[in-house]
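Heads up, the thing below is written out as structure tokens.
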Amino acid sequence: MLRLAQTLEAQLRAAMERAFPAAAAEAQAAGRALDPQLAPASKPEFGDFQANGALPLAKPLGLPPRQIAAAIVAELAAEPALAELCLEPVIAGPGFINLTVRPERLAAELAARLADPRLGVPSVADPGRVIVDFSSPNIAKEMHVGHLRSTIIGDALARVLEFRGHRVLRLNHVGDWGTQFGMLITHLKQVAPEALETADAVDLGDLVAFYRQAKQRFDTDEPFQAASREEVVRLQGGNPLSLKAWGLLCDQSRREFQAIYDRLAIQINERGESFYNPELQAVVDDLSAAGLLVVDAGAGCVFLEGVSGKDGQPLPLIVQKSDGGFNYATTDLAAIRYRLAPQPAGDGAQRVIYVTDAGQASHFAGVFQVARRAGWIPAQASVEHVPFGLVQGDDGKKLKTRSGDTVRLKDLLDEAVERAGADLRRRLVEEDRLEAESFMAQVATTVGIAAVKYADLSTNRITNYQFSFDRMLALSGNTAPYLLYAVVRIAGIARKGGDLEGDVASLRFGEPQEWALVRELLKLDVVIAEVEQELLPNRLCGYLFELCQVFNRFYDQVPVLKAPPEARGSRLALCRLTAATLKLGLGLLGIPTLERM
RNA sequence: GGGGCUGUAGCUCAGCCGGAUAGAGCGACGGUUUCCUAAACCGUAGGUCGUGGGUUCGAGUCCCGCCAGCCCCGCCA
């Protein structure tokens, strides 16, 4: 529908310009064109598209809007190309022009979709390097729900961008550098030295406990604090023993992270904060050379423009601590500089997307501003913070376990799978079905993980979202199980003798449920383009949900296998394209589908 | 004190560039199974879009004020 809409828009604009040449000339003089304001019809009874462009012209032209609409429609009538696409335009309400695409055009579009492995979604003409920075857990800490959101959303956005043909670099900016390692290594030297010399001497759970102890000592024990700072200096200076210990700790955490990524089917390349260590001094030097660096209270600062702090004073971004050390702002600046720098010295990215929680919005605004002022962001490049809200429990507060601890990602996924399995077993008993253990395990895993992912992706990421196993695993509503079930229904039709790969040369539709499904299927390209632009996966979820509802209505009211011969092929084609669309759409969300469940 | 985000049906949420009578789902209530998995479908009830102004032919959407919740604000990330 994307190309169709573009064609219609061009024809409408031309008609407006012919009908009101003076207004068109005036608009052009002001550097714009008349806008037909073409949009999808707000209700099915209005047709496929509505053009609202007549209304804003009413005042400048001093004419009633319906009269303006009539003039535009009269010009459209003189254009045979439009009549080939649409039925007679209808003027409605205060002056909307409603357009209904000719059924034979819709059927032709549908046939083209069926023949296209990309289902009508075009690839970008000039693929650029796009970096998606997501997940980014911290070494020696458990992954938690905050990382889950970043991981799931980042992966989905990367998948959409990849599908559109961009060259995507998925980066895991893990927290593997900095003060916390001084603490941890110093503490381990005293209580568990074997962990610093032998792989696998401790597991991540132990490491997390050690980290907690180390943090506590750091906050209360001054000699320990001093020893930790010395250890950081040794590490950052490249001391072999410190580096070895650091490497072991990272390996330990890395294995745990990888286990999670494997379960979630996430591809990501680790490039942690330590990667930028050699660049940090140069970053500060560059800022100094650019005249941006100010030493204030011993710390190296860049004062931000347009942002004031507590007493109306300008707010600094601290890039070098008073002890000479660097912090996360320095690392983020080094990263942005490297990512946007041309190859081979950098990544040569044209677009960098940071998927982190909304709480970091002002941090990134500061980093972006400094990078821009330092001249590190080329004119044609863009950097975007893609923020997301908190994961909350049923109480509306940050999600915690009953004992008040952070929820471990592993436990959360386990519980989702376990609940999905319990649901399945209950249904099997109710329906008197007998299935193999392997089947049940496969379904439980797929449904459980899908439910967690979909729940996260289906709400607008900017708002906080309430985590609820009951809601995400519900079999109806805007949930993964509901969508997966629609795919299963179609697979059932194929299994019972429907040849989904059959001939689609002559598609014929009669029932309103068929046309509703045709129209819904044709929206895919528009939705994908929107997600790429707005970076909002929930738009795709909303579309897939709507598609399933339309399909289920069709399935309920229109027989497929028992359809009369002349309708059967067309209905099977609808089923095939619906399944393909759902598989593609869910695939872009990182969710695999099932044949039976 | 400054800044950001949020506030829409009992609950969880959509709502695109400002467009027609504000939409889903859940829950509630009432229906539908000789038929491809009823994990479905159909219907009913449910709204002062936090609040007060403003801009506009038209505001849930844009602007200003206020209220409430969450988050950030010099050497953690």
Side-chain angles (χ1 to χ4, degrees), chain A residues 35 37 39-40 42-43 46 50 52 55-56 58-59 64-65 92-96 98 136 138 173 175 177-180 215 273 296-301 307-313 315-323 325-329 331-332 356-363 365-366 387 389-390 392 396-398 423-424 427 431 433 458-460 462-466 468 470-471 474-479 481-482 484-486 488-498 526 530 533-534 536 538-539 541-542 545-546 549 552-553 555-557 559-563 575 596-597:
Chain A
D35 184 4
Q37 294 195 11
S42 57
K43 283 175 194 270
F46 299 149
Q50 59 184 69
N52 307 335
L55 293 148
K59 197 166 190 187
F96 303 111
N98 289 337
S136 308
N138 295 310
H173 192 74
W177 207 242
T179 322
Q180 71 264 30
K215 174 90 172 99
E273 294 175 344
D296 191 79
C301 303
V307 189
S308 56
K310 284 193 168 73
D311 325 310
Q313 302 292 327
L315 202 69
L317 185 74
I318 295 181
V319 298
Q320 188 158 26
K321 300 187 281 185
S322 48
D323 66 1
F326 303 110
N327 65 1
Y328 66 111
T331 306
D332 279 341
T356 77
D357 70 278
Q360 297 190 49
S362 39
H363 166 69
L390 241 53
Q392 301 173 315
K397 295 195 178 140
K398 200 170 173 177
D423 263 1
L424 175 63
R427 283 194 48 79
E431 294 170 13
R433 278 166 67 188
S458 61
T459 63
N460 189 319
I462 197 67
T463 54
N464 294 346
Y465 105 93
Q466 226 176 71
S468 160
D470 287 334
R471 271 200 299 273
L475 308 164
S476 52
N478 190 6
T479 66
Y482 178 83
L484 290 173
Y485 178 59
V488 163
R489 285 185 133 183
I490 298 168
I493 290 175
R495 211 165 36 241
K496 292 280 168 66
V526 178
E530 200 176 286
Q533 182 65 35
E534 312 279 335
L536 288 174
N538 70 301
R539 295 275 167 79
C541 295
F545 177 51
E546 184 65 34
Q549 291 193 104
N552 276 329
R553 256 165 242 150
Y555 181 94
D556 194 62
Q557 292 158 35
V560 176
L561 292 180
K562 295 191 173 162
C575 290
R596 295 193 304 126
M597 63 192 278

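Note on naming: letters A, B, ... go to the chains in the order of the sequence lines (proteins, then strands), and numbering restarts at 1 for each one.
- Distance from the side chain of A:Glu534 is smallest for B:rC17 among the nucleotides B:rG19, B:rC17, B:rC75.
- Contacts of A:Ala358 with the nucleic acid, taken as non-hydrogen atoms under 4.0 Å apart, are absent.
- A:Arg539 comes within contact range of the sugar-phosphate backbone alone, with a heavy-atom separation under 4.0 Å but no base atom that close.
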Filtered N/O pairs between nucleotides 10-12 of chain B and protein, under 3.5 Å:
residue : atom : partner  : partner atom : Å
B:rU12  : OP1  : A:Gln466 : NE2          : 3.4

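- Judged as a ring pair (Phe, Tyr, Trp, His ring centres under 6.0 Å), and not counting sequence neighbours, the contacts of A:Tyr482 are A:Phe545.
- Remark: A:Tyr328 pairs with A:His363 by the ring pair (Phe, Tyr, Trp, His ring centres under 6.0 Å) rule, at least two apart or across chains.
- Considering A:Pro316, A:Cys301, A:Ser322 in turn, A:Cys301 is the only one that fulfils the side-chain contact (heavy atoms from CB on, under 4.5 Å) rule with A:Asp296.
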Sort me out a list of protein N/O and nucleotides 61-64 of chain B N/O pairs below 3.5 Å, or just none if empty.
none

- Each base of RNA chain B marked ( ) or [ ] if paired in-strand (Watson-Crick or G-U under 3.5 Å), | if paired to another strand and . if unpaired gives (((((((..((((.....[...)))).(((((.......))))).....(((((..]....))))))))))))....
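- Listed pair A:Thr463 / B:rA14 meets the phosphate criterion, a side-chain N or O lying under 4.0 Å from OP1 or OP2.
- For A:Gln50, taking side-chain heavy atoms from C-beta onward, the closest of the listed nucleotides B:rC41, B:rA20, B:rC36 is B:rA20.
- Contacts of A:Phe96 classified as ring pair (Phe, Tyr, Trp, His ring centres under 6.0 Å), with partners at least two apart in sequence or in another chain: none.
- Proximity of A:Asn464 to the phosphate of B:rG69: no side-chain N or O atom is located under 4.0 Å from OP1 or OP2.
- Under 4.0 angstrom from either OP1 or OP2 of B:rA40 there lies no side-chain N or O belonging to A:Arg553.
- Within 4.0 Å (heavy atoms only), A:Gln557 reaches sugar-phosphate atoms of the nucleic acid but no base atom.
- Between the side chains of A:Gln549 and A:Asn552, not a single donor N or O lies within less than 3.5 Å of an accepting N or O.
- Dashed line: the shortest gap from a side-chain N or O of A:Lys43 to OP1 or OP2 of B:rG23 is under 4.0 Å.
- Atoms CG (A:Leu475) and P (B:rC41) sit 12 Å apart, rounded to a whole Å.
- For the pair A:Leu424 CG and B:rA39 C1', the computed distance is 11 Å after rounding to whole Å.
- Taking side-chain N and O atoms only, A:Lys398 has no distance below 4.0 Å to OP1 or OP2 of B:rC71.
- Between A:Asn460 and the phosphate of B:rG15, there is a side-chain N or O to OP1/OP2 separation shorter than 4.0 Å.
- As judged by a 4.0 angstrom heavy-atom cut-off over every strand, A:Ala58 is placed among residues making no nucleic acid contact.
- When the nucleotides B:rC36, B:rG19, B:rA20 are ranked by their closest atom to the side chain of A:Val560, B:rC36 comes out on top.
- Looking at the side chain of A:Ser476, the nearest of the listed nucleotides B:rC16, B:rA77, B:rA40 is B:rA40.
- OP1 and OP2 of B:rC35 both lie 4.0 Å or more from every side-chain N or O belonging to A:Lys562.
- For A:Asn552 against B:rA38, a side-chain-to-base donor-acceptor contact under 3.5 Å is absent.
- Residue contacts for A:Asp470: at a heavy-atom cut-off of 4.0 Å it reaches no nucleic acid atom on any strand shown.
- Out of B:rA39, B:rC70, B:rG15, the shortest distance to the side chain of A:Leu390 is found at B:rC70.
- In this structure, the nucleotide among B:rA38, B:rG74, B:rC57 sitting nearest to the side chain of A:Asp296 is B:rG74.
- Taking atom P on both nucleotides, B:rG3 is separated from B:rU21 by 38 Å, rounded to a whole Å.
- With a glycosidic angle no more than 90° from 0, B:rC17 adopts the syn conformation.
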